[in-house]
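Below: one structure, written as structure tokens.
Note that these values count all heavy atoms, side chains included, but never hydrogens, waters or copies made by symmetry.
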Amino acid sequence: KDLKDSGRQVLLVSSGAVGLGRLRLGLAKDVVADPANVIDRQACAAAGQGILMSTYDMMFQRMGISAAQVLITQGDFLSRERYSYLTDTLDRLTSLGAIPIINENDVVTGCHELDTMRV
């Protein structure tokens, strides 16, 4: 809140949807730790993303700040048009006083697309 109050643009890069979803779905840690097990990791991401955002939303609402989920993929950086949409959306969210919560869209990327991205 202090950063926002000082006039800075605040964006939060997040992780944790797979872990939260794993707990929600009752899967063992070793099941999702295997990088070859993409489908279970993606299912965990889908189940965990809502929990993650709910947590951020509740935390920021207590400070009177809106949070906004922004899920990204490698394609958002490789396409000039998509990159422009992404940056315009981030700019607009911050101009409206919201804090963008940025996370890789693990449900569609296989959970590590951005980790291995070459830009």
Taking distance alone, no hydrogens or angles, what donor-acceptor pairs closer than 3.5 Å link side-chain atoms of residues 12-25 to residues at least two apart or in another chain?
{"from": "S14", "atom 1": "OG", "to": "Y56", "atom 2": "OH", "distance (Å)": "3.0"}
{"from": "R22", "atom 1": "NH1", "to": "L27", "atom 2": "O", "distance (Å)": "3.0"}

For residues 57-68, which side-chain donor-acceptor pairs fall under 3.5 Å, sequence neighbours excluded?
none

Contacts of [X] that satisfy side-chain contact (heavy atoms from CB on, under 4.5 Å) - sequence neighbours left out:
X   : value
D91 : Q9
D88 : S84
A28 : D30, V31
Y83 : F77, T87

With no hydrogens and no angle check, is any side-chain donor or acceptor of S79 less than 3.5 Å from a backbone partner on G75?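 No; judged by distance alone, with no hydrogens or angles, the pair does not exist.
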Should Q42 and I39 count as side-chain neighbours, where that means a heavy-atom distance under 4.5 Å?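 They are in side-chain contact.
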What I'd like to find out is whether the side chain of D34 reaches to under 4.5 Å of the side chain of D40, using heavy atoms alone. no
Working to the nearest 0.5 Å, report the span between [atom1] of [X] and [atom2] of [Y].
X    : Y    : atom1 : atom2 : value
L11  : I102 : CG    : CD1   : 4.5 Å
D106 : R41  : CG    : CZ    : 7.5 Å
E104 : I72  : CD    : CD1   : 7.5 Å

Is there a donor in the side chain of S95 and an acceptor in the side chain of R92, or the other way round, less than 3.5 Å apart?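 Distance-only check passes for S95 and R92.
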Only distances under 3.5 Å count here; give the side-chain donor-acceptor pairs of residues 45-55 to other protein atoms, sequence neighbours excluded, each with its distance to 0.1 Å.
{"from": "Q49", "atom 1": "OE1", "to": "Q69", "atom 2": "NE2", "distance (Å)": "3.1"}
{"from": "T55", "atom 1": "OG1", "to": "I51", "atom 2": "O", "distance (Å)": "2.9"}

Any salt bridge (Lys or Arg N to Asp or Glu O under 4.0 Å) pairs touching residues 65-76, not counting sequence neighbours?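 Residue pairs passing salt bridge (Lys or Arg N to Asp or Glu O under 4.0 Å), neighbours aside: D76-R82.
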